[in-house]
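So the structure is just underneath, and the comments pick up after that.
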Amino acid sequence: MSVARVSEGRRSSSHAVWIAILLVLVGIEGTLVLADRGLVGSVRWRAIAYQNGAFWVGLLFGWAPNYPSQPVAMFVTHAFLHSNLGHLLGNVAALVWLGRTLGERCGPGRFAVLYAIVVIGGGVGFAFLARQTAPMVGASGAVMGLVAVWIVWDAREALEIGVRRGIVAGEIALRTALILAANVASFVALDGVLAWETHLGGFLAGLVAALAIPATR
């Protein structure tokens, strides 16, 4: 088998991972949107999904779970639910670009591991920092985590090809500042209805994961 065929096969399998994630996200939110409008199932489906899959901080402080594993499962399930179609589309757009960019660098297995780490990291950040009773949903923490991976891997590759450390440090600072500015703008635009704790947790988890898990190319 030629090198080109191997490379293309790896690229296709990498695409399959993030595409599968997107299909699950779109499938869940699409179904809930249809249910909200009374086109399928019950209008109670979204409430039921949140009750069982959203991140509820209270479950870590004595609230009775709906099922035994809920306080642990919510560290993952929160990232597969969204508040509305607009919320979903924003995360999907980011995941399309990040999935293509990172997936081709690390292969399907490592991408799946990275995604799991940043999803859980977002949940951990919310668990430690949030003090609200409202539920948290969305893949934004995972998106922030993958952005952190992108920043670290680009910096590492730049250093490996001989780019000066000062230039690399400046690029890291610029990208981080832009991410921070975007989060602050979103926080203001949404009147504070933004789970910044999840974004921070995902971002920090992504930094650690990127340092521990190198790109394979």
Side-chain angles (χ1 to χ4, degrees), residues 16-96 98-99 111-147 183 186-187 189-203 205-206:
V17 172
W18 63 262
I19 289 174
I21 292 171
L22 292 181
L23 288 176
V24 172
L25 296 180
V26 171
I28 292 174
E29 182 58 27
T31 300
L32 294 180
V33 167
L34 293 175
D36 291 341
R37 297 176 180 177
L39 298 176
V40 299
S42 166
V43 293
R44 296 185 61 250
W45 276 9
R46 185 176 295 275
I48 293 171
Y50 286 3
Q51 289 167 11
N52 292 282
F55 198 108
W56 299 88
V57 175
L59 290 174
L60 302 175
F61 297 96
W63 287 12
N66 292 334
Y67 51 94
S69 62
Q70 187 177 8
V72 175
M74 67 181 182
F75 280 86
V76 174
T77 56
H78 76 272
F80 291 91
L81 297 171
H82 288 82
S83 58
N84 52 52
L85 198 56
H87 186 202
L88 169 73
L89 293 178
N91 285 330
V92 163
L95 285 172
V96 167
L98 289 165
F111 184 82
V113 170
L114 284 172
Y115 194 76
I117 290 172
V118 295
V119 164
I120 294 171
V124 170
F126 195 76
F128 274 96
L129 299 173
R131 293 295 179 269
Q132 63 189 55
T133 57
M136 182 274 289
V137 295
S140 301
V143 168
M144 289 297 105
L146 294 179
V147 166
N183 274 271
S186 297
F187 186 85
L190 296 172
D191 293 325
V193 186
L194 179 77
W196 64 267
E197 304 92 343
T198 308
H199 290 198
L200 179 59
F203 191 83

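What you see is a predicted model; the values in this text were computed from it and never measured.
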* Asked: Counting N and O atoms only, with roles assigned by atom type, does the side chain of Tyr67 sit under 3.5 Å from a partner on the main chain of Asn52, one being a donor and the other an acceptor?
  ->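 Between the backbone of Asn52 and the side chain of Tyr67 there is a qualifying donor-acceptor contact (under 3.5 Å).
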* Asked: Taking Gln70 for the side chain and Gln51 for the main chain, is one N or O donor matched with an acceptor at less than 3.5 Å?
  ->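 Checking the backbone N and O of Gln51 against the side chain of Gln70, a donor-acceptor pair under 3.5 Å is found.
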Euclidean distance, [Y] [atom2] relative to [X] [atom1], rounded to 0.5 Å:
| X | Y | atom1 | atom2 | result |
| --- | --- | --- | --- | --- |
| Arg46 | Ile28 | CZ | CD1 | 11.0 Å |
| Ser140 | His82 | OG | NE2 | 6.0 Å |
| Glu197 | Arg131 | CD | CZ | 9.0 Å |
| Leu89 | Asn84 | CG | CG | 9.0 Å |
| Ile19 | Leu95 | CD1 | CG | 12.0 Å |
| Met74 | Asn66 | CE | CG | 11.5 Å |

* For His199 and Val143, what are the C-alpha separation, side-chain angles and deciding distance, and is it a side chain to side chain contact (heavy atoms under 4.5 Å, CB included)? -> CA-CA 8 Å; His199 290 198; Val143 168; over 6 Å; no
[X] and [Y]: which non-hydrogen atoms are nearest, and at how many Å?
| X | Y | result |
| --- | --- | --- |
| Leu81 | Gly53 | CD1-C, 3.6 Å |
| Ala54 | Pro135 | CB-CB, 3.6 Å |
| Leu60 | Ala127 | CD1-CB, 3.5 Å |
| Leu25 | Ala139 | CD1-CB, 4.5 Å |
| Ala49 | Leu32 | CB-CD1, 4.2 Å |
| Val137 | His87 | O-CE1, 3.4 Å |

* **Partner of Phe126 by ring-ring contact (aromatic ring centres under 6.0 Å, His included), out of Trp196, Phe55, Phe75** =>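 By the ring-ring contact (aromatic ring centres under 6.0 Å, His included) criterion, Phe126 pairs with just one of Trp196, Phe55, Phe75: Phe55.
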Compare all side-chain heavy atoms of [X] with those of [Y] and state whether any distance is below 4.5 angstrom.
| X | Y | value |
| --- | --- | --- |
| Trp18 | Leu146 | no |
| Val119 | His78 | yes |
| Val92 | Val26 | yes |
| Val76 | Ile120 | yes |

* Once the angle between the rings of Trp56 and Trp63 is folded into 0 to 90°, is it parallel (under 30°), tilted (30 to 60°) or perpendicular (over 60°)? ->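 Tilted, since the angle between the ring planes falls between 30° and 60°.
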* Can Asp36 and Trp45 be said to form a side chain to side chain contact (heavy atoms under 4.5 Å, CB included), step by step? -> CA-CA 8 Å; Asp36 291 341; Trp45 276 9; over 6 Å; no
* To do: Start with the C-alpha distance between Leu200 and Asn183, add both sets of side-chain angles, then the distance that settles side chain to side chain contact (heavy atoms under 4.5 Å, CB included), and finish with yes or no.
  => CA-CA 10 Å; Leu200 179 59; Asn183 274 271; over 6 Å; no
